[in-house]
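Residues take their numbers from the sequence shown, with the count starting at 1.
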Amino acid sequence: QVQLVESGGGLVQPGGSLRLSCAASGIWFSFNVIEWYRQAPRKERELVAGITGGGTTNYADSVKGRFTISRDNAKRTVYLQMDSLKPEDTAVYYCSVGGNWGQGTQVTVSS
């Protein structure tokens, strides 16, 4: 059974930083593409960033240069470092692998 548990969300001021974590179990972690999505109120869920088992990354244009996705295969965890946060980054952030989803973690960027 695949289980994904996100953590690290919270309230931060514009320009601030947060680091999200996604701990995975029940999958061959090292070989899987893992992705971060987000869903803002009244908007569709959108892909934020992804990372392959080999470490190749991709990002949405809206977060390039501000967000960094990384993975620690030994800890079975994927991270999303978010810098220079903007109010429009406010959303629930989810990690996903193989069609499975975590419960999400709320990120709110507000002064």
Any link between [X] and [Y] through a network of hydrophobic side chains (Ile, Leu, Val, Met, Phe, Trp, Tyr) touching at under 4.5 Å?
X     : Y     : value
Leu20 : Ile34 : yes
Ile51 : Val2  : yes
Val92 : Ile69 : no
Val63 : Leu80 : yes
Val48 : Leu18 : yes

Rounded distance [0.5 Å steps], [atom1] in [X] versus [atom2] in [Y]:
X      : Y      : atom1 : atom2 : answer
Gln3   : Ser25  : CD    : OG    : 4.5 Å
Gln103 : Leu4   : CD    : CG    : 9.0 Å
Arg71  : Thr52  : CZ    : OG1   : 7.0 Å
Gln39  : Gln106 : CD    : CD    : 11.0 Å
Arg19  : Thr68  : CZ    : OG1   : 11.5 Å

Are the side chains of Val109 and Glu88 in contact, using a 4.5 Å heavy-atom criterion?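 The answer is no, as the side chains (C-beta and beyond) never meet within the 4.5 Å cut-off.
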Do Asn58 and Leu47 make a side-chain contact, defined as non-hydrogen atoms from C-beta onward lying under 4.5 Å apart?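 The answer is yes; the side chains approach within 4.5 Å.
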If you look at every heavy atom in [X] and [Y], which pair is closest and at what distance?
X     : Y     : result
Arg76 : Gly26 : NH2-N, 3.6 Å
Ala91 : Ala40 : CB-N, 3.8 Å
Trp36 : Ser21 : CH2-O, 3.6 Å

Check for me whether Arg45 meets the cation-pi criterion with Tyr37, that is, NZ or CZ under 6.0 Å from the six-membered ring centre and within 45 degrees of the ring axis.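 Cation-pi check for Arg45 and Tyr37: fails.
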Would you check if the side chain of Glu6 reaches a backbone N or O of Cys95 as a donor-acceptor pair within less than 3.5 Å?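 Side chain of Glu6 to backbone of Cys95, a donor-acceptor pair under 3.5 Å: yes, one is there.
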Check the orientation of Tyr93 and Phe67. Use parallel for under 30°, tilted for 30 to 60°, and perpendicular for over 60°.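 Taking Phe67 first and then Tyr93, their aromatic rings sit tilted (interplane angle of 30° to 60°).
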Identify each donor-acceptor pair in which a side-chain atom of residues 7-17 lies under 3.5 Å from a protein atom, sequence neighbours left out, and give them as a table.
| residue | atom | partner | partner atom | Å |
| --- | --- | --- | --- | --- |
| Ser17 | OG | Asp83 | OD1 | 2.7 |

If we check side chain to side chain contact (heavy atoms under 4.5 Å, CB included) with Arg66, which of these qualifies: Lys86, Gln81, Met82?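 For Arg66, the side chain to side chain contact (heavy atoms under 4.5 Å, CB included) test succeeds with only one of Lys86, Gln81, Met82, which is Lys86.
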